[in-house]
Amino acid sequence: MNDGELGRICDYLKPKVFEENAKVVEVGKPLNAMLYIIAGSMQAPITDAGEAASSTSFDTLKKGMFVGEQLLDWAMKTKAFDDQPVSFKTIRYTTKVEAFALTVDDMKTLVLSGDIFPMKSKSEV
């Protein structure tokens with residue numbers, strides 16, 4: 001991804017605030033957005049081959065980290081946008097979280113307009 005594509009993605013980012021203890025995403029549910037955390041933290045159970053670990057250990061996601069970044073890979077590879085990816089983890093906010101969000105619909109708009117991944121022509125999707 002070049003600087004121009006990154007800049008166009010930034011144009012679509014929307015600030016969001018999420019309350020403590022809410023679920024961000026749930027395992028098996030569609031990913032609706034990619035989040036870039038700017039304040040606060042989230043936790044995801046550490047998993048082994050898709051199953052929750054027997055202990056209560058967690059990955060902590062905090063400022064500067066992403067959630068749902070697999071949407072970029074999906075947008076680059078999808079042919080029809082009818083195969084929205086699902087989350088492999090349940091992630092909860094552990095504090096109030098501020099983030100920038102890029103929604104699935106915005107991702108579709110960016111790809112179909114050729115603003116990102118321009119090698120994919122509209123006839124391919």
Next item on the list: Answer with yes or no whether the hydrophobic clustering places M42 together with V86; edges join I, L, V, M, F, W, Y residues whose side-chain heavy atoms lie under 4.5 Å apart.
Entry: no
Note to self: The criterion is side chain to side chain contact (heavy atoms under 4.5 Å, CB included); which residues satisfy it with N2, sequence neighbours excluded?
What the structure shows: E5, R8
Note to self: Going by side chain to side chain donor-acceptor pair (under 3.5 Å), name the residues that satisfy it together with D83, two or more places apart in sequence or in a different chain.
What the structure shows: W74, T78
Note to self: To the nearest 0.5 Å, what is the distance between OH on Y12 and CG on D105?
What the structure shows: 11.0 Å
Note to self: Can you confirm whether Y36 sits close enough to V67 that some side-chain heavy atom of one is under 4.5 Å from a side-chain heavy atom of the other?
What the structure shows: no
Margin query: Run M107 and L72 through side-chain contact (heavy atoms from CB on, under 4.5 Å) and show every step you take.
Written below: CA-CA 8 Å; M107 188 78 71; L72 282 174; 3.8 Å; yes
Check: R92 side chain to A22 main-chain N or O, any donor-acceptor pair under 3.5 Å?
Finding: no
Next item on the list: Only counting residues at least two apart or in another chain, list the ones meeting side chain to side chain contact (heavy atoms under 4.5 Å, CB included) with D11.
Entry: none
Checklist line | Minimal non-hydrogen separation, M34 against L71, with atom names | finding: N-CD1, 3.6 Å
Anything under 3.5 Å between a donor and an acceptor, one on a side chain of residues 93-103, the other on a protein residue two or more places apart or in another chain? List them.
{"residue": "T94", "atom": "OG1", "partner": "S41", "partner atom": "O", "Å": "3.0"}
{"residue": "T94", "atom": "OG1", "partner": "S41", "partner atom": "OG", "Å": "2.6"}
{"residue": "T95", "atom": "OG1", "partner": "S41", "partner atom": "N", "Å": "2.9"}
{"residue": "T103", "atom": "OG1", "partner": "D106", "partner atom": "N", "Å": "3.1"}
{"residue": "T103", "atom": "OG1", "partner": "D106", "partner atom": "OD2", "Å": "3.2"}

Note to self: Counting C-beta onward and ignoring hydrogens, is there a side-chain heavy-atom pair between V25 and T90 closer than 4.5 Å?
What the structure shows: no
Item checked: Interatomic spacing from CD1 in I91 to CZ in F58 - rounded to 0.5 Å -> 12.0 Å
Item checked: Close side-chain approach of L35 and M65, heavy atoms under 4.5 Å -> no
Check: Which pairs with one or both residues in residues 24-39 pass salt bridge (Lys or Arg N to Asp or Glu O under 4.0 Å), sequence neighbours excluded?
Finding: K23-E26
Margin query: Between V17 and I38, is there shared hydrophobic-cluster membership here, with clusters defined by ILVMFWY side-chain heavy atoms closer than 4.5 Å?
Written below: no
Item checked: Candidate list T60, V24, D59, test side chain to side chain contact (heavy atoms under 4.5 Å, CB included), partner Q43, passing option -> T60
Next item on the list: List in chain and number order the residues that pass side chain to side chain contact (heavy atoms under 4.5 Å, CB included) with Q70, two or more places apart in sequence or in another chain; answer none if no residue qualifies.
Entry: L31, F88
Note to self: Going by the rule side chain to side chain donor-acceptor pair (under 3.5 Å), which residues pair with N32 if we only count those two or more places apart in sequence or in a different chain?
What the structure shows: Q84
